[in-house]
Amino acid sequence: MAHDFEAQKRETFDSFAEMKKGGATLPQMSLVEFYLLAESDEANWKVCEKALQAKGFSTQRDQDEDTLIVTTKTPLRITPEILWEEERKVSEIGVAYDFLPDGWEFGFD
């Protein structure tokens, strides 16, 4: 089944709206971690990591080796538009190698 990027985009923008509505203080700039969940045993970890690194991201596998953590190398200005632009890049590569986008996090730098 094809990945629904429009639904993913809505979810990202909705998350920002909920955070602001809830009074969360968002950083102006931050490194961002994106999470890609291996969809099956056939997920091509090495090729996916290489493709993401070629686009300027850092990658690491979580301890359970079911999630690929993809991090921006430089801080991003934190807006839903900028976050979605980077999230889409990461997601398109991940989906091509049998990974599913599984969220993002910022504010840890």
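The structure presented is a predicted model; accordingly, all values stated were derived computationally and were not measured. Every heavy atom of this structure was used, including side-chain atoms; hydrogens, water molecules and symmetry mates were not.
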Evaluation steps, side chain to side chain contact (heavy atoms under 4.5 Å, CB included), between Phe57 and Thr71: CA-CA 6 Å; Phe57 297 99; Thr71 309; over 6 Å; no

Plane angle bin for His3 and Phe5 - parallel if under 30°, tilted between 30 and 60°, otherwise perpendicular: perpendicular

Report yes or no: do Val90 and Ile78 belong to one cluster of Ile/Leu/Val/Met/Phe/Trp/Tyr joined by side chain heavy-atom distances under 4.5 Å? yes

To the closest 0.5 Å, what do you measure between CD (Glu39) and CG (Asp102)? 11.5 Å

Please examine the side chains of Gln53 and Ser58, heavy atoms only from C-beta on, and report whether any two atoms are closer than 4.5 Å. no

Beyond-backbone contact of Met19 with Leu26, side-chain heavy atoms, under 4.5 angstrom: yes

If I take atom CZ from residue Arg88 and atom NZ from residue Lys9, how far apart are they, to the nearest 0.5 angstrom? 8.5 Å

At what distance, to the nearest 0.5 angstrom, does CZ of Arg61 lie from CD of Glu49? 4.5 Å

Classify the side-chain pair Tyr35/Glu105 by whether it contains a donor and acceptor separated by less than 3.5 Å. yes

Under a 4.5 Å cut-off applied to non-hydrogen side-chain atoms, are Trp104 and Glu87 in contact? yes

Between Leu83 and Phe16, the two heavy atoms sitting closest are CD2-CE1, 3.3 Å

Beyond-backbone contact of Trp45 with Tyr97, side-chain heavy atoms, under 4.5 angstrom: no

Going by heavy atoms in the side chains, are Ser91 and Phe34 under 4.5 Å from each other? no

Counting distance only, does the side-chain N/O of Asp64 pair as donor-acceptor with the main-chain N or O of Asp66 below 3.5 Å? no

So, taking the atom named OG in Ser15 and the one named CH2 in Trp84, what distance separates them when rounded to the nearest 0.5 Å? 11.5 Å

Of all heavy-atom pairs linking Leu68 and Cys48, the shortest is CD2-SG, 4.0 Å

Euclidean distance, Lys73 NZ relative to Leu31 CG, rounded to 0.5 Å: 12.0 Å

Hey, are the side chains of Val70 and Glu33 touching, using non-hydrogen atoms and a 4.5 Å cut-off? no

Nearest 0.5 angstrom please: Asp62 CG to Leu36 CG, how far? 11.0 Å

Verify whether one side chain among Thr72 and Glu86 offers a donor that lies under 3.5 Å from an acceptor in the other. no

Path from Leu100 to Val47 over hydrophobic side-chain contacts below 4.5 Å: no

Residues Lys50, Lys46; criterion side chain to side chain contact (heavy atoms under 4.5 Å, CB included); working and verdict: CA-CA 6 Å; Lys50 189 173 183 175; Lys46 288 183 181 184; over 6 Å; no

